[in-house]
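See structure below.
Keep in mind that the numbers below use all heavy atoms, side chains included, and drop hydrogens, waters and symmetry copies.
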Amino acid sequence: MNKQGDMGVRNAWRAPSLPAFEKGRSTQSDVLRALGPPSQVIGLQDQTLFYYLREQNRSKAMFLLIYNQTRQEITYDRAIFFFNKDAVLTEFSLSNEAIPLSAK
């Protein structure tokens with residue numbers, strides 16, 4: 001039995017046509033316009049963090065009368081953006097682990 005599932009937001013940060021984000025210049029509005037709402041917004045002391053997450057789960061299972069085996073592979077594709085109190089981008093990072101751009 002094979003099973004696959006996807007959860008989270010569309011990983012638009014993997015799009016080849018994505019506009020370049022610039023530290024000190026891009027704003028929260030620029031990121032929201034390009035990527036849509038984040039999975040999570042985290043308020044820090046003097047910063048705001050946008051956390052985007054896409055998860056892909058693939059499993060293969062074999063069930064026999066005497067022996068059962070399951071293999072599960074989970075891939076997390078993440079993008080994290082930090083903004084200062086003026087809503088200007090100060091830092092961002094994409095995960096090394098990538099899921100091909102979803103159609104969701």
Side-chain angles (χ1 to χ4, degrees):
M1 173 172 80
N2 293 332
K3 188 176 175 184
Q4 180 175 337
D6 293 312
M7 292 177 32
V9 298
R10 183 174 182 268
N11 54 342
W13 57 92
R14 298 294 177 190
S17 61
L18 185 70
F21 297 117
E22 296 180 50
K23 296 176 193 175
R25 188 161 191 188
S26 297
T27 66
Q28 287 181 2
S29 295
D30 296 331
V31 173
L32 288 170
R33 193 170 25 262
L35 302 180
S39 303
Q40 194 172 18
V41 176
I42 301 170
L44 304 173
Q45 287 182 353
D46 59 347
Q47 292 185 320
T48 301
L49 182 144
F50 285 5
Y51 179 74
Y52 291 86
L53 173 65
R54 179 83 181 156
E55 176 184 324
Q56 187 176 67
N57 182 341
R58 295 174 190 239
S59 60
K60 293 181 182 184
M62 179 177 18
F63 300 103
L64 304 172
L65 194 53
I66 300 173
Y67 174 78
N68 295 326
Q69 178 181 352
T70 303
R71 290 184 189 186
Q72 184 174 25
E73 177 184 328
I74 300 175
T75 305
Y76 298 99
D77 193 353
R78 299 177 181 113
I80 300 173
F81 297 84
F82 290 88
F83 301 93
N84 65 19
K85 62 181 180 195
D86 298 320
V88 176
L89 184 66
T90 58
E91 189 64 56
F92 69 96
S93 182
L94 306 179
S95 61
N96 289 332
E97 193 172 39
I99 297 172
L101 181 63
S102 67
K104 182 180 175 183

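- The line from OG of S59 to CD of E73 is 10.5 Å long, rounded to the nearest 0.5 Å.
- Looking only at distances, a side-chain donor or acceptor of Y52 sits under 3.5 Å from a matching main-chain atom of G36.
- Atom CZ in R54 sits 7.5 Å away from atom CD in Q56 (nearest 0.5 Å).
- Looking at heavy atoms from C-beta onward, Q47 lies out of side-chain contact with I42 at the 4.5 angstrom threshold.
- Annotation for N2: atom CG counts as buried by contact number, over 12 foreign heavy atoms lying within 6.0 Å.
- Side chains of L53 and P38 form no contact here, defined as non-hydrogen atoms less than 4.5 Å apart.
- Distance check, rounded to the nearest 0.5 Å: CD of E22 to CG of L89 gives 9.5 Å.
- Shown here for A34 and A12, the closest heavy-atom pair between the two residues is O-CB, 4.2 Å.
- How far CD1 of I74 is from CD of E97: 10.0 Å, rounded to the nearest 0.5 Å.
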Passes side chain to side chain contact (heavy atoms under 4.5 Å, CB included), R58 versus K60? Steps please. CA-CA 7 Å; R58 295 174 190 239; K60 293 181 182 184; over 6 Å; no
Enumerate donor-acceptor pairs with a distance under 3.5 Å from any side-chain N or O in residues 75-84 to protein atoms, sequence neighbours excluded.
residue: D77; atom: OD1; partner: W13; partner atom: NE1; Å: 3.0
residue: D77; atom: OD1; partner: R14; partner atom: NE; Å: 3.1
residue: D77; atom: OD1; partner: R14; partner atom: NH2; Å: 2.7
residue: D77; atom: OD1; partner: S95; partner atom: OG; Å: 3.3
residue: D77; atom: OD2; partner: N11; partner atom: ND2; Å: 3.2
residue: D77; atom: OD2; partner: R14; partner atom: NE; Å: 3.1
residue: D77; atom: OD2; partner: I99; partner atom: N; Å: 3.0
residue: R78; atom: NE; partner: Y51; partner atom: OH; Å: 3.0
residue: N84; atom: OD1; partner: D86; partner atom: N; Å: 2.9
residue: N84; atom: OD1; partner: A87; partner atom: N; Å: 3.2
residue: N84; atom: OD1; partner: V88; partner atom: N; Å: 3.0

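- Across all non-hydrogen atoms, the minimal contact from P37 to V9 is O-CG1, 3.9 Å.
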